[in-house]
Every structure is written in structure tokens, then in C-alpha cells.
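What follows is one structure encoded as C-alpha cells, with my remarks underneath.
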Number of protein chains: 2
Amino acid sequence: MSTAVEASWTDHALRTLATAGHRASGPRTRVLEAIASDGCAMTAHEISGLLRERGDSVGLASIYRALDLLDRLGLVHRVDVGEGVARYEPAHPSGEHHHHIVCDSCGTVEAFEDAALERAIGGLSERLDFAIAAHDVTLHGRCPVCRAAA
Amino acid sequence: MSTAVEASWTDHALRTLATAGHRASGPRTRVLEAIASDGCAMTAHEISGLLRERGDSVGLASIYRALDLLDRLGLVHRVDVGEGVARYEPAHPSGEHHHHIVCDSCGTVEAFEDAALERAIGGLSERLDFAIAAHDVTLHGRCPVCRAAA
DNA sequence: GTGAATGCAAACTCTTTGCATGACT
DNA sequence: AGTCATGCAAAGAGTTTGCATTCAC
């Protein structure tokens, strides 16, 4: 994920917040930047840790409130890979997105994209009674490192 | 899901438990039957409620312990549709399985199957570095009832 | 009879909420 | 100035664990 893309997402998010009548407070902006800089599926605690390292601690409650707001505005996606914790990542206005693969051995989470998968899901939308608004795919397996270690 | 299928899964599970050296205790068997009778994605609390209705209450801790054991033996799948609660459903030895679609309005969870989707995921296994052991697909949208109500 | 499984209650983790203080517009 | 947002601490929900008792083999 390039710096240019990060910056544009951060700008987009700040603009959307302002339009919706929300303030660009310090803590909120720092959460935004943390999500943009990592780019993939962070937990609230990871965001908290990252900000503390930077010397810009933000209370956990504020992090959760910021994430909830960003989610309601469609600026982040809430991702759940089955660990019992919520993860958040930037939602790109282009609709471009990825899915996740989790190592059941070490817990590593990586991203992947696949056009055939998206096509299959697109086809489903026409077949089912539900009006499909979003989809999540999570793969489970062993990462290269754990495979080598075994 | 037919009664015959339920019975065979229950039998299979009891046999697997015995082979692995675990006891077919009353509470454990009741949890097994609850999962078999419902067939799709129950939470620990739902299992608890169902058993209490039947007059066969089982402590929540025992339900969690039973589910954990069944999961480790590959007899149930742990499913997470992003509500922050774990759901469990029978894992069929045939490998036959389904995925879930969640109504973001009322929370209803339904099952669906799709061959094209499975094919797309099968193709991915060859492309990625991970050794893929399992996959979950969750769709989000509005169910027919909520669409009509809107 | 013996070891495994249960049930209760306490502990833990993640997340949300109430309320007084402080900060953005 | 006025209001929205923050931070802390307490409350909640889901899940796990310790320990004495009970039960399956």
C-alpha cells in the first residue's frame, strides 16, 4: 500500500467526517492515521499499542468510539477472522477490497485478492433472496513459516 | 436436514468420541443432540436455552468444554459471522458444507451452498503460499422480510 | 475403583456506557 | 460560547478456569 494511497484515504476520511458534521479531533485523527499506516486488519488494542509507541496515546474507549463512527460512515470495514476480536481496515471508496487468510498455527493474518472469487460471489447475489451488501471470505491454513517449522 | 442424516452424524460423533478415549456422558451427549437437531450455526447460549426448554439443562461451562472438544476432534465447525459470538454446527465427514448469509437488519442467519464459489476457493489453494485447510464465507445483506418492511 | 466430566463461581478479555473535563469550530 | 469528543472507571457480554463433587467405564 503506497504512501499516496494512504494519504488519499486519510484525506477522504477527514473530508467525509467533516461533511457529516464530525470534528477532526486529535485522538480521532490519530486513530485514522494508525489505520491508514498499517493498512490491514488491526484490532483496537493494536491501534492503542501503536499510538502509545508513537507517544500519542489515545484512550481505548475513544478508539472504539472512533472505529464505530468510521464504520457507520463506511470509512472502515470491520473484519472478523474468527479470533473473537474485531479488526478494522480502511474501506476504499473505489470498492476495491481484499480478503484474509489466517495461519491457525501462529495467528498471522495476510491479505489476498481473487477475481474468480469475486465473480462467484457476484453470481450469488442474483440467486439468493437476500439483497447482498457485503461479503467476507476467510481462509484458514498454515503459513509458509509454520509449514517449514513442522 | 433429514432425521436420518442427524442420526448418522450423532452416531459418527459418538463413535469418534469413544475412539479418542472420551466418555459419552449425559451432558455431552445432550449437547451433541442439540447441535444435530438444529443443524445450523448455534451459539452456546442457544444450546443452553434449547436444553433448558427440554428440561435437560447443562451448565454453560460444560457446553463450552464439549464444543471445544468436538471442534478439536473435527466433529463441529466453529463459525463466526461477525457478531462477536461463536456459533457451532455439525461437521459432516463427507466434507459437505455450506456458508452463511446474515441479515444486517434483524440478525437472521441462513445457509447457502454454491459450487462456483467452492471452485474459486479450490483454485486459490494452488496459488497461495499457505496450506489451506478450511474456509469461511459470510455474506451480509437484508433478508426478504426486512426488505419488505422497509 | 479410578480417572474423566460436571457444575458452580470466580476470573478474564473484549467492548460499551456514564459522567465530568477538556477541545474543536 | 457552545457543543461535541475525550478519558477514566464501572458495567456488560461472552468465554475460560479452579476446584470439589459426581458419574461413566
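For D:dC4, the base has a donor-acceptor partner in the side chain of A:Arg23 [N/O atoms by modelled type, under 3.5 angstrom].
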List the steps, then state whether side chain to side chain contact (heavy atoms under 4.5 Å, CB included) holds for B:Ile47 with B:Ile35. CA-CA 7 Å; B:Ile47 294 170; B:Ile35 296 172; 4.0 Å; yes
List the steps and the verdict of ring pair (Phe, Tyr, Trp, His ring centres under 6.0 Å) for B:His98 and B:His92. CA-CA 10 Å; B:His98 57 242; B:His92 295 288; 8.3 Å; no
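Taking atom CZ on B:Arg72 and atom C1' on C:dA5, their separation rounds to 13 Å, with Å as the unit. Across the protein-nucleic acid pair, A:Leu14 atom CG and D:dA5 atom P stand 14 Å apart, rounded to whole Å. To the nearest angstrom, P of C:dG7 lies 14 Å from CD1 of B:Ile47. Whole-Å rounding puts the A:Leu69 CG to D:dT6 C1' distance at 14 Å. In this structure, B:Arg65 places its CZ atom 13 Å from P of D:dC19, rounding to the nearest Å. One atom, CZ of B:Arg52, and another, P of C:dG7, lie 12 Å apart when rounded to the nearest Å. Taking atom CG of A:Asp56 as the reference point, atom C1' of C:dA23 lies 16 Å away to the nearest angstrom. To the nearest angstrom, C1' of C:dT13 lies 13 Å from CD of A:Glu83.
Using modelled atom types and a 3.5 Å distance limit, the side chains of B:Glu113 and B:His97 yield no donor-acceptor pair. Counting only N and O atoms by type, the side chains of A:Arg30 and A:Ser57 include no donor and acceptor under 3.5 Å apart.
Remark: B:His22 is not in phosphate contact with C:dA4, judged by side-chain N or O atoms under 4.0 Å from OP1 or OP2. Considering only side-chain N and O atoms, A:Ser62 lies nowhere under 4.0 angstrom from the phosphate OP1 or OP2 of D:dA5.
Here B:Leu32 contributes atom CG and B:Leu75 contributes atom CG; the two are 7.5 Å apart, rounded to the nearest 0.5 Å.
A perpendicular orientation is assigned to the rings of A:Tyr64 and A:His45, their planes being inclined by more than 60° (bins at 30° and 60°).
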Using nucleotides 14-16 of chain D, report all nitrogen or oxygen pairs with the protein that are shorter than 3.5 Å.
{"unit_1": "D:dT15", "atom_1": "OP1", "unit_2": "B:Ala86", "atom_2": "N", "d": "2.8"}
{"unit_1": "D:dT15", "atom_1": "OP2", "unit_2": "B:Tyr64", "atom_2": "OH", "d": "2.3"}
{"unit_1": "D:dT15", "atom_1": "O5'", "unit_2": "B:Tyr64", "atom_2": "OH", "d": "3.2"}

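Looking at B:Asp129 and A:Arg147, no side-chain N of the basic residue comes within less than 4.0 Å of a carboxylate O on the acidic one, giving no salt bridge.
Enclosure of atom NE2 in A:His77 is not indicated, since only 12 or fewer non-hydrogen atoms of other residues, nucleotides or ligands lie within 6.0 angstrom.
Near-neighbour residues of DNA chain C inside residues 24-32 of chain B, defined by a heavy atom below 4.0 Å, number-ordered: B:Ser25, B:Pro27, B:Arg28.
Judged as a salt bridge (Lys or Arg N to Asp or Glu O under 4.0 Å), the pairs with a partner in residues 84-100 of chain A (not counting sequence neighbours) are, in order, A:Glu46-A:Arg87, A:Glu83-A:Arg87.
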